[in-house]
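This is the structure, below, for whatever I ask next.
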Protein chains: 2
Amino acid sequence: MRSYKEIRGILQERITSQQWQPGDLLPSEQALSEEFGCTRSTVNRAMRELADAGLVERRRKAGTRVVQPKSHPATISIPVIRQEIENKDQSYKYLLLERLEALPPEDVRTQLGLEQNEKALFLKSLHYGDGIPQQLDVRWINISALPEASQESFADIGPNEWLLQRVPHPNIEHVFRADKATAEEQRLLQLQECEPVFTIERRTWISGQGITYVRLVHPGSRYRMATRSSAIPTFN
Amino acid sequence: MRSYKEIRGILQERITSQQWQPGDLLPSEQALSEEFGCTRSTVNRAMRELADAGLVERRRKAGTRVVQPKSHPATISIPVIRQEIENKDQSYKYLLLERLEALPPEDVRTQLGLEQNEKALFLKSLHYGDGIPQQLDVRWINISALPEASQESFADIGPNEWLLQRVPHPNIEHVFRADKATAEEQRLLQLQECEPVFTIERRTWISGQGITYVRLVHPGSRYRMATRSSAIPTFN
DNA sequence: ACATTTTTTATGTATAGACATTAAGTGATT
DNA sequence: AATCACTTAATGTCTATACATAAAAAATGT
């Protein structure tokens, strides 16, 4: 008797080995359940997970087809910078550079969904690994959504970490860029002439309400973002 | 009667609203099935999908707990550059700069898993949008794994696109970086002084056998990588 | 007090069966 | 040939039930 995992593995193998090619129709759940000697439910779960993984597409009545991918998937996990530094066995240091409540610029205001004259919390902080600057965090926080932020000094904990604890499961949008460093960035991050920065721009919100808008700026020579391993699963 | 999607939505709401906080134990499937008036299977599916999404962690006997996230997830889809250009309604042009079979450098050799004196196919190509260079593709292909590549001129189709069709579902590993441009990159991509490049490094393989190793080099000022929308689902 | 065994319990998986939903295919009608 | 309604086939979901498995908790023995 075959488990859904075994079946999923067999089907995946037939697809990646191109025994079944993009566009090809897979046998119906009915047919496969007979082939594998199990119920349709079991096959259903196997095929559903392959669909979740993007290997096949399923449509009622039309059946299940192997997908012709049009792009390469990549899933990234962006840890809090302290984690990243400590994982490299470096000493972590955090420095708050600026903290004030002010009217954000227009673009940030709309990103956070604030009123015309609503103030937000502005934070600028720097994170070191072994005494070398690794990340500049320039951030606006919506204090209407998070009044506790006004009470927090951020002297001892980075805003990223603080927010991750306080608002654990927001919606997120990221933009990644390679930028020329501004003069300030060059000074703060101790960059060499012409050294670029790797920028992560992040916007988070919960049910339509903006939480934070941040630019995480990294020295190009000291930062890389990598996908854990393979994109195609590798399930469990 | 509630569907697993409704239940999943209700549980998700209770988590994101922090009615259930990180570390909290959720009610058992049994208890929830009574609350929602359905069978345990239905609750199981709802909770399982929340676990897949990373919102909760489940362990036999111990139950289901809300996760305290330690990082921000981001899933990216990297389309073939032609798609990306045409989606912006720009005219696409492709130019093959170099094509030769040669011994790859040591690091590439190990990445592809080649023998000491095994040759590989080297390709260098440039992709334009509206006449402006957008991507430089510098690539090695394992011709032992893909003998057809030797027969392909790559005069009319980019290697990325060709490979996506030929090897649709490989394993993938990505590294993203902000780099200083080399002199050659500066010339080919028509970069300004000090303009950085956004580099995507990709390694693909199937069942241990290396397929390709590539550096996709983009002008920093003309490239951004973005996550589609939210990281936390947004399911179906 | 500590280690070992047993019990218990929540999740994990499978089954057999039912009905729902979607959309492809078919055939009749215009 | 185009449009309509009807049939049908494949996936989608749910139920009720059973047994498996992992690990926490309790009971037992030393």
Side-chain angles (χ1 to χ4, degrees), chain A residues 1-15 19-69 233-236, chain B residues 1-15 19-68 169 233-236:
Chain A
M1 193 208 51
R2 306 206 108 116
S3 71
Y4 84 93
K5 282 185 184 178
E6 289 176 295
I7 294 172
R8 187 187 60 194
I10 294 167
L11 301 183
Q12 180 180 14
E13 167 60 21
R14 290 184 189 169
I15 291 168
Q19 179 181 338
W20 289 334
Q21 301 208 348
D24 285 0
L25 193 64
L26 269 64
S28 71
E29 296 184 346
Q30 178 63 43
L32 287 172
S33 72
E34 282 161 23
E35 172 180 351
F36 294 122
C38 61
T39 56
R40 189 168 76 83
S41 323
T42 304
V43 174
N44 178 276
R45 176 153 183 199
M47 291 179 99
R48 180 154 40 80
E49 294 201 353
L50 290 177
D52 291 345
L55 280 183
V56 299
E57 256 176 9
R58 321 195 70 201
R59 270 164 53 225
R60 282 170 160 143
K61 169 73 186 180
T64 303
R65 286 180 190 280
V66 178
V67 163
Q68 171 66 64
T234 301
F235 294 95
N236 296 309
Chain B
M1 193 208 53
R2 306 205 106 115
S3 72
Y4 84 92
K5 281 186 184 177
E6 291 178 293
I7 294 172
R8 187 187 61 193
I10 293 168
L11 301 184
Q12 181 179 15
E13 167 60 20
R14 289 184 189 169
I15 291 167
Q19 179 181 335
W20 289 334
Q21 301 208 348
D24 285 359
L25 193 64
L26 269 64
S28 70
E29 296 184 346
Q30 179 63 42
L32 288 172
S33 73
E34 282 160 23
E35 171 180 351
F36 294 122
C38 61
T39 55
R40 190 167 76 83
S41 321
T42 303
V43 174
N44 178 275
R45 177 151 182 202
M47 291 180 98
R48 181 154 41 81
E49 294 200 355
L50 290 177
D52 291 344
L55 280 184
V56 300
E57 257 176 9
R58 321 193 72 202
R59 269 165 54 226
R60 281 171 160 142
K61 168 73 186 181
T64 303
R65 285 179 191 280
V66 178
V67 163
Q68 171 65 64
H169 299 288
T234 307
F235 294 95
N236 298 309

Quiz item: For dG12(D), does either OP1 or OP2 sit under 4.0 Å from a side-chain N or O belonging to Arg58(A)?
Solution: yes
Quiz prompt | Backbone N/O of Val67(A) and side chain of His169(B): donor-acceptor pair under 3.5 Å | solution = yes
Quiz item: To the nearest angstrom, how far is Glu49(B) atom CD from dG12(C) atom P?
Solution: 13 Å
Practice problem: Look at atom CD of Glu57(A) and say whether more than 12 heavy atoms of other residues, nucleotides or ligands are closer to it than 6.0 Å. | Solution: no
Practice problem: Starting from C1' on dT13(C), measure out to CZ on Arg8(A) and report it in whole angstrom. | Solution: 13 Å
Self-check item: Any donor-acceptor N/O pair, Glu6(B) side chain to Ser3(B) backbone, under 3.5 Å
Solution: yes
Quiz item: In whole angstrom, what separates Arg2(A)'s CZ from dA20(D)'s P?
Solution: 20 Å
Quiz item: At under 4.0 Å, does any side-chain N or O of Ser3(A) touch on OP1 or OP2 of dA14(C)?
Solution: yes
Exercise. Starting from P on dT9(C), measure out to CG on Leu32(B) and report it in whole angstrom.
Key: 18 Å
Practice problem: Give one of base, sugar-phosphate or nothing for Thr64(A), where a contact means two heavy atoms less than 4.0 Å apart. | Solution: sugar-phosphate
Exercise. Could you tell me the separation between the CD1 atom of Ile7(A) and the P atom of dG12(C), rounded to a whole number of Å?
Key: 19 Å
Quiz item: Salt bridge check: are Arg40(B) and Glu29(B) linked by an N-O gap of less than 4.0 Å?
Solution: yes
Quiz item: OP1, OP2 of dT13(D) versus side-chain N and O of Arg45(B): anything below 4.0 Å?
Solution: yes
Practice problem: Evaluate side chain to side chain contact (heavy atoms under 4.5 Å, CB included) for Val56(A) paired with Met47(A), printing each intermediate quantity in order. | Solution: CA-CA 8 Å; Val56(A) 299; Met47(A) 291 179 99; 5.6 Å; no
Exercise. Whole angstrom is fine here: how far is it from CD in Gln30(B) over to P in dT9(C)?
Key: 12 Å
Exercise. Quickly work out the Asn44(A) CG to dC14(D) C1' distance and round it to whole Å.
Key: 12 Å
Self-check item: Base dG12(D) to side chain Arg40(A), donor-acceptor N/O within 3.5 Å cut-off
Solution: yes
Quiz item: Can you name the one residue among Arg48(A), Arg59(A), Arg58(A) that meets side chain to side chain donor-acceptor pair (under 3.5 Å) with Thr64(A)?
Solution: Arg58(A)
Practice problem: Could you say whether Ser41(A) or Met47(A) is positioned toward the 5' end of DNA chain D, judged by the nucleotide with the nearest heavy atom to each? | Solution: Met47(A)
Quiz item: Starting at the 5' end of DNA chain C, which residue's closest nucleotide do you reach first, Thr39(A) or Leu26(B)?
Solution: Leu26(B)
Quiz item: Cation-pi between Arg2(B) and Phe36(B): NZ/CZ under 6.0 Å from ring centre and within 45° of the ring axis?
Solution: no
Self-check item: Atom pair distance, as rounded to whole Å: CD in Glu29(B) and C1' in dT15(D)
Solution: 15 Å
Contact list (N/O, under 3.5 angstrom) for nucleotides 23-28 of chain D vs protein:
| from | atom 1 | to | atom 2 | distance (Å) |
| --- | --- | --- | --- | --- |
| dA24(D) | OP1 | Arg59(B) | NH2 | 2.5 |

Quiz item: Within less than 4.0 Å of OP1 or OP2 of dT15(D), is there a side-chain N or O belonging to Thr42(B)?
Solution: yes
